[in-house]
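Reading through the structure tokens given below for one structure.
Throughout, a chain's letter reflects where its sequence line sits, starting with A, and its residues are numbered from 1.
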2 protein chains.
Amino acid sequence: MRLTTKGRYAVTAMLDLALQEGKRPVTLQDIAVNQEISLSYLEQLFAKLRKSGLVQGTRGPGGGYRLARKMDAISIAEVISAVDEKADMTRCGGNADCLDGEKCLTHELWSELSNKIFEFLNGITLGELVHRPEVIAVAERQEAVREGLRTGRLKTVVVEADAIIGNLK
Amino acid sequence: MRLTTKGRYAVTAMLDLALQEGKRPVTLQDIAVNQEISLSYLEQLFAKLRKSGLVQGTRGPGGGYRLARKMDAISIAEVISAVDEKADMTRCGGNADCLDGEKCLTHELWSELSNKIFEFLNGITLGELVHRPEVIAVAERQEAVREGLRTGRLKTVVVEADAIIGNLK
DNA sequence: CTCAAATCCAACCTGTTTACTTGGTTTTCA
DNA sequence: TGAAAACCAAGTAAACAGGTTGGATTTGAG
């Protein structure tokens with residue numbers, strides 16, 4: 001179980017999906033804006049999530065992504081291992097032949113830790129996260145922004161910000 | 001608390017030091033051979049370990065490295081954070097301003113995990129590892145090889161291996 | 001006293017991964 | 001039929017891993 005920002009991005013995006021379950025499918029554009037992740041990077045992550053059977057995409061206007069399963073049946077560990085294909089960063093990460101076909105000095109230590117991390121992340125589902133108070137709080141703030149964008153109240157602010165960013169480049 | 005092979009190398013090397021505590025100082029050459037880590041890479045790691053006050057080196061022939069403290073007073077977490085200077089791989093690794101100065105959706109999740117990992121690694125010392133049966137077993141095997149090298153019993157094998165490796169290059 | 005063993009130090013290098021961009025093609029709803 | 005969306009392929013800058021090269025300095029052992 002590797003822990004990288006890649007995995008974190010994936011979990012954040014999946015959580016965004018879970019938060020909007022029941023509504024129309026969520027576009028990557030939407031997630032990109034909300035979570036501040038680049039659209040094409042999201043595309044790459046979601047290609048893997050789709051291949052792992054965690055999400056399903058529907059094309060065309062009105063399309064987007066939905067969770068492929070109930071959110072209570074998707075663990076954080078699953079999401080992370082879907083995007084972080086283990087590029088054998090091992091020596092002792094894996095399967096006990098780290099030193100001349102024998103276990104190295106610290107083999108047990110790392111596999112013990114690895115198990116603990118996996119257990120932790122495997123014991124938490126998207127469904128559970130959705131009900132956490134701090135997640136709800138952040139989601140409500142984001143929803144307000146989203147709503148503001150739709151009704152046009154924040155549009156001028158965004159346009160101005162874009163202009164400023166444009167000038168900086 | 002980042003987890004990389006770099007940290008693992010450091011812990012393995014420090015454990016080698018702990019195992020030979022009381023004898024003459026351990027040379028990096030020695031560790032390089034035993035743990036199959038390149039000498040110059042070890043030098044870089046030990047530069048950091050020394051700056052963090054975990055080891056002390058003595059120069060000249062007969063020199064080498066010793067633990068700067070009792071092995072029971074050195075936790076695994078300390079060793080890892082000595083070599084893995086946190087190159088802010090964050091977004092949520094650290095201090096809560098991951099998204100527009102606010103916490104991002106998954107902030108609590110990652111800090112909770114991070115704490116768990118730290119607690120685990122901070123609760124284990126080199127001294128404790130030294131007494132684990134599986135470590136003792138591996139250490140004894142390595143000690144046999146070391147002894148064999150000193151008495152010359154394995155010298156011919158090593159020389160032959162060197163010749164083969166030379167041919168391959 | 002000298003030489004070799006060792007630490008110490010700085011620079012460079014190759015390959016991989018991360019996070020992202022560019023520039024498309026395809027599907028499908030409005 | 002046009003545009004919104006997923007899909008796809010390639011390239012890229014920066015960082016990091018895990019070294020190598022080539023020394024300099026210190027110091028014990030012969």
Side-chain angles (χ1 to χ4, degrees), chain A residues 2-13 17 24-33 35-52 54-66 68 80 83-93 98 150 165 169, chain B residues 2-10 12-13 17 24-33 35-52 54-66 68 80 83-93 98 165 169:
Chain A
R2 282 177 73 211
L3 294 175
T4 65
T5 51
K6 200 172 186 175
R8 291 208 268 267
Y9 276 135
V11 172
T12 304
L17 240 63
R24 47 217 294 297
V26 185
T27 68
L28 293 189
Q29 182 60 244
D30 226 21
I31 299 176
V33 171
Q35 313 304 336
E36 293 178 2
I37 309 171
S38 97
L39 177 60
S40 32
Y41 196 43
L42 275 174
E43 282 181 351
Q44 288 169 44
L45 296 183
F46 272 75
K48 291 181 180 176
L49 292 171
R50 191 166 48 84
K51 274 167 200 155
S52 301
L54 293 176
V55 299
Q56 57 179 30
T58 61
R59 291 169 154 211
Y65 282 97
R66 268 191 232 275
I80 291 177
V83 297
D84 258 356
E85 69 263 42
K86 64 290 164 194
D88 60 329
M89 64 103 76
T90 53
R91 170 87 178 238
C92 248
C98 5
R150 238 193 322 277
I165 289 164
K169 283 179 183 168
Chain B
R2 281 177 75 210
L3 293 174
T4 64
T5 50
K6 203 171 184 172
R8 291 209 267 268
Y9 276 135
T12 304
L17 239 62
R24 48 218 296 290
V26 186
T27 69
L28 293 188
Q29 182 58 244
D30 225 20
I31 299 176
V33 170
Q35 312 306 335
E36 294 178 2
I37 310 172
S38 97
L39 176 60
S40 33
Y41 198 42
L42 276 174
E43 282 180 351
Q44 290 170 44
L45 297 182
F46 272 75
K48 293 181 179 173
L49 292 172
R50 191 167 49 86
K51 275 166 199 154
S52 301
L54 292 175
V55 298
Q56 57 179 32
T58 60
R59 292 170 153 209
Y65 283 97
R66 267 190 233 275
I80 291 178
V83 296
D84 259 354
E85 71 261 44
K86 63 289 163 195
D88 60 327
M89 63 102 76
T90 55
R91 171 87 177 235
C92 249
C98 7
I165 290 164
K169 284 179 183 166

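Nearest heavy atom pair, residue V83(A) against residue G7(A), reads CG2-CA, 3.9 Å. Minimum heavy-atom separation, F46(B) to A13(B): CE1-CB, 3.7 Å. The nearest pair of heavy atoms linking P25(B) to T58(B) is CG-OG1, 4.1 Å. Across all their heavy atoms, K6(A) and K48(A) have their closest contact at NZ-NZ, 3.5 Å.
With rounding to the nearest 0.5 angstrom, the CD1 atom of I80(A) is 7.5 Å from the OG1 atom of T4(A). Atom CD in Q44(B) sits 10.5 Å away from atom CG in L39(B) (nearest 0.5 Å).
The side chain of Y41(B) lies closest to dA17(D) when the candidates are dC9(C), dT25(D), dA17(D). In the set dT18(C), dC7(D), dC9(C), dT18(C) carries the atom at the smallest distance from any side-chain atom of D84(A). With distances taken from any side-chain atom of T27(B) to the nucleotides dT18(C), dT28(C), dT7(C), the minimum falls on dT7(C). Checked against dG19(D), dA5(C), dC7(D), the side chain of P61(B) finds its nearest nucleotide in dA5(C). Checked against dT18(C), dT27(D), dG19(D), the side chain of S38(B) finds its nearest nucleotide in dG19(D).
In the interface, the side chain of Q56(B) is not paired with the base of dT7(C) through any donor and acceptor atom under 3.5 Å apart. Between the base of dT20(D) and the side chain of E43(B) there is no donor-acceptor pair shorter than 3.5 Å.
The distance between atom CG of L49(A) and atom P of dC7(D), rounded to the nearest whole Å, is 11 Å. Rounded to an integer number of Å, the gap from CD of Q44(B) to C1' of dC9(C) is 10 Å. A straight line from CG of L39(B) to P of dA10(C) spans 17 Å, rounded to a whole angstrom. Put simply, CG on L45(B) is 9 Å from C1' on dG18(D), counting in whole angstrom units. Separating the CD1 atom of I37(A) from the C1' atom of dC20(C) is a distance of 12 Å, rounded to the nearest angstrom. Residue L17(B) contributes atom CG, which lies 14 Å from atom P of dA6(C) at whole-angstrom precision. In this structure, K48(B) places its NZ atom 10 Å from C1' of dC16(D), rounding to the nearest Å. Taking atom CG of residue L3(A) and atom P of nucleotide dT17(C), one finds them 17 Å apart after rounding to whole Å.
Counting any heavy atom pair closer than 4.0 Å across all strands shown, Y65(A) reaches sugar-phosphate atoms only and no base atom. Nucleic acid contact class of Q29(A) (heavy atoms, under 4.0 Å, all strands): none. Among the heavy atoms of the strands lying under 4.0 Å from L28(A) are primed sugar atoms or P, OP1, OP2 only; no base atom is included. Residue S40(B) is classed as a base contact, given a heavy-atom separation below 4.0 Å to a base.
Nearer to the 5' terminus of DNA chain C, by closest-nucleotide assignment, is the contact made by T58(B) (compared with the other of R59(A) and T58(B)).
Proximity of R8(B) to the phosphate of dG18(D): no side-chain N or O atom is located under 4.0 Å from OP1 or OP2. Under 4.0 angstrom from either OP1 or OP2 of dC8(D) there lies at least one side-chain N or O belonging to R50(A).
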